[in-house]
Amino acid sequence: MEECCSTKPKKEHQHHEGHDHDHSHETGDQSVFRMFLPAIISFGLLLIGIALDHFIKADWFTGWIRPVWYFIAYIPVGVPVLKEAFESIKNGDVFSEFFLMGIATVGAFAIGEYPEGVAVMLFYSVGEVFQAMAVTRAKSNIKSLLDQRPDEVTVLKDGKPQIIKSEKVNIGDVIQLKSGEKLGLDGELLSETASFNTSALTGESKPDTKTKGETVLAGMINLNTVSEIKVTAAYKDSKLSKILELVQNATAQKAPTELFIRKFAKIYTPIVVFLAIGITFLPYLFVEEYDFRAWLYRALVFLVISCPCALVISIPLGYFGGIGAGSRNGILFKGSNFLDVLANIQHVVMDKTGTLTEGVFKVQEVHFDDEFNRDEILKFVNALESKSSHPVATAIYQYAGKVDHSILLENVEEIAGHGLKAAINGKKLLVGNFKLMDKFDIKYDVQPENGVNTLIAVAYDKKFVGYLKIADSIKADAQLTINTLKSLGVKTTMLSGDKSSVVKHVADTLGIQNAYGDLLPEDKVNKVKEIKAKNQTVAFVGDGVNDAPVVALSDVGIAMGGLGSDATIETADVVIQDDMPVKIPMAINIGKQTRKIVWQNIMLAFTIKAAVLILGAGGLATMWEAVFADVGVALLAILNAVRIQRMKF
C-alpha cells in the first residue's frame with residue numbers, strides 16, 4: 001500500500017518514514033504559505049462558487065460557466081493527485097489512495113456534484129500538507145540533535161591552511177584543529193597530546209586527553225592548543241555520520257502493528273472498490289425505482305469514506321514521533337519495532353560497570369610484598385595495562401603516570417574474564433583478577449571475596465606480588481533508575497564480571513534483588529537464557545562491545561554511551577547517548593506512549609469510518625460527511641500522533 005497523501009519528492013530530499021511512498025512537501029525549501037498556496041487558491045474559488053450558487057445567485061453563473069469554474073478550482077489540488085494515481089497504476093499499484101480519490105472526485109463531477117468534488121480533493125490536500133509538516137518537524141528534531149559535524153574544516157596543503165567543505169576532504173589529509181573548534185571527520189592524532197570535549201558523542205563532560213596515534217572522532221571539540229589530525233575515514237563514513245543515517249532510516253525496521261496495517265490496506269482497498277461498484281449496480285436487481293445517479297453518488301461517498309489515510313499516515317507518523325522523542329532525549333532507536341518490544345519489556349538485565357556505576361575507577365591503595373621493588377612492578381603493570389582499553393587500565397595509568405616505553409613486553413595476551421599476561425625480562429607478569437592467579441597456580445594469602453572494592457592481583461616470576469585496590473562509584477541517577485523500573489512493573493537483574501562482594505554491595509545499595517558477580521561472558525549468556533526460558537521479554541543493557549553475545553541474545557540490546565564504537569552501533573538496538581541509566585525506563589515509557597497513541601488512532605479511524613461507511617451505503621451520508629470521515633479523521637490522527645513529540649518523559 002503506498003503512503004497516503006503524498007506526491008513525489010525531489011531526489012535530494014527524500015524521506016524515510018518507513019513506508020513505501022515518499023513525500024513531496026519539503027518544508028526545508030518551501031515556506032508554509034507556498035505549501036498551502038494550491039489549497040488557498042482552490043478554497044477561494046470554491047467559496048466564491050458556493051456563494052454564487054446559494055447566496056448571490058448570479059444569472060451568469062449557469063450553463064457551461066459553472067462546471068468550468070469548479071474545474072478551475074479543482075485543478076491546483078486535483079491534478080497532483082490524479083498524476084500520482086496514474087504513476088501508481090504504471091508501477092502496478094492500481095488500488096492506491098490516489099486512485100480512490102481520483103475516481104470519487106471525477107465521479108462527483110460526472111454527476112454534477114461539483115462543489116463536493118472540489119471539497120473532497122481540497123481537504124485531502126490540506127491533510128497531506130499537515131502530515132508532511134509533522135514528519136519534517138520530527139526529522140528536523142532528530143537532525144538538529146545528531147548532526148554535530150561542522151560543514152567546513154581547515155586542511156593543511158603543503159603546510160598552508162585551507163578551509164574546504166568537510167565532504168571534500170580525502171583520507172590521509174591533515175586537519176588543523178584550533179582551540180574551541182569541532183572536529184569534522186574521524187582521524188588519528190598527529191600532535192603529541194590534545195584534550196577534547198567528547199560530550200556530543202559519549203555524554204561525558206570531563207575532558208578526554210588523547211596522545212599521539214590515538215583515534216579522535218567527528219564531533220569532538222578541541223579544548224587546548226592547535227592540534228593536527230590525519231583523516232582516516234571519509235565524511236560519510238564517520239561514526240557520527242553513521243549514527244545520523246541510522247536514526248534517519250530507523251523506521252525501515254517496522255513495528256508489527258505497522259506491518260499489519262500495511263498488509264491490511266493492500267487487501268482492504270481493492271475490496272472497497274469492488275463494494276463501491278456493487279453499491280452502484282446491484283440495487284438495479286432489487287429496487288423498483290432504480291436511480292443510477294443516486295446510487296453512483298452513494299458509491300462515491302463510500303469510496304471517499306473508505307480511504308485508509310488515517311491509518312497509513314498516522315501509524316508510521318506515530319512511530320516516527322516516538323523515535324524523534326527518543327532522539328530529543330538522547331535515546332537512539334534503530335527501528336520502530338524496538339519501540340514495540342520495549343513497551344512489553346518485563347525484565348531488564350544490566351551490566352554493572354559503566355551502566356549503574358561510573359566506570360571511572362581510581363586506585364585507592366597499593367599492597368605489594370616488600371620482597372619486590374614497588375616502583376619497578378608498578379611500571380611493569382602500567383606498561384602491560386596500556387595494552388588494554390578497560391577502565392581499570394585508565395585508573396592505573398592515572399595513578400602510575402606516563403608509560404615507560406623502554407620496557408620490553410613479549411607474548412602479551414588478554415585472557416577474557418581474567419586479565420593480562422606478558423613476559424618481561426624473560427619472567428612472566430600476570431595482572432588481573434584472582435581467577436587469573438588460580439588459573440596459573442599462583443598462591444596468595446588474600447581473601448578477595450571479602451570487601452567491596454575491586455582488587456587487581458599482580459604476580460611476577462611465578463610469585464604473588466600483591467594487589468591494587470580500585471574503587472568505582474555508583475551513578476547519581478542509578479537509584480532513581482531502579483525505583484522507576486520497579487514502578488513500571490519491570491524486574492531487574494545485574495550481571496558483572498566483577499567480584500561477587502562488590503556486585504552484592506552495589507545491588508544491596510540500589511535494591512536490586514537478583515545480582516551475580518564473577519561472571520565470564522559465556523556465564524552472562526547463560527543467565528540471560530535462564531530468564532528467557534521463563535518466557536520473559538528481556539532487555540540487556542551494557543557497553544554493546546564486550547557483551548555482544550548477550551546483546552544479540554536479548555529481545556532488545558541497549559548500549560550505554562556507545563557512540564564511539566562501530567561495534568556498539570552494529571550490535572545494539574537502542575543506544576543511550578549520555579550514559580545516564582535513568583534513560584532506560586524513559587526508553588520503555590516512550591515505547592509505551594507510542595504504542596498507546598498508535599492504538600488510539602487505529603480505534604478512532606475504524607470506529608468513525610465504520611459508522612459513516614454504513615450511513616454512506618444507506619444513503620444517509622453526503623460527500624461532506626465523507627470528507628470528515630476521511631480527511632477529518634486523518635487530521636485528528638495526525639494531531640494525536642504528533643503529541644508524542646511534545647511529551648515530557
| Is it true that a side-chain atom of K592 and a backbone atom of A343 form a donor plus acceptor pair closer than 3.5 Å? | yes
| query | For the side chain of Q479 and the backbone of L510, is there at least one donor-acceptor N/O pair under 3.5 Å apart? | reply | yes
| Short question: side chain of N640, backbone of L636 - any donor-acceptor pair under 3.5 Å? | no
| task | Answer yes or no: is there a donor N or O on one side and an acceptor on the other, between the side chain of N601 and the main chain of A637, under 3.5 Å? | result | yes
| message | Does any part of the side chain of M494, heavy atoms only, come nearer than 4.5 Å to the side chain of L356, both counted from C-beta? | response | yes
| request: Taking the side chain as every heavy atom from C-beta outward, state whether L553 and F540 have any pair of such atoms under 4.5 Å apart. | output: no
| Backbone N or O of A218 within a donor-acceptor pair of the D186 side chain at under 3.5 Å? | yes
| query | In terms of the angle between their ring planes, are F109 and F71 parallel, tilted or perpendicular, with boundaries placed at 30° and 60°? | reply | perpendicular
| query | Backbone N or O of V582 within a donor-acceptor pair of the D477 side chain at under 3.5 Å? | reply | yes
| query | Quick one: does Y70's side chain have a donor or acceptor within less than 3.5 Å of a partner on G49's backbone? | reply | yes
| request: Could you tell me whether the side chain of Q536 and the main chain of I531 form a donor-acceptor pair under 3.5 Å? | output: no
| Quick one: does N329's side chain have a donor or acceptor within less than 3.5 Å of a partner on A325's backbone? | yes
Enumerate donor-acceptor pairs with a distance under 3.5 Å from any side-chain N or O in residues 36-46 to protein atoms, sequence neighbours excluded.
residue: S42; atom: OG; partner: P38; partner atom: O; Å: 3.4
residue: S42; atom: OG; partner: A73; partner atom: O; Å: 2.6

| task | Check salt bridge (Lys or Arg N to Asp or Glu O under 4.0 Å) between D53 and all other residues, then give those that pass, not counting sequence neighbours. | result | R66
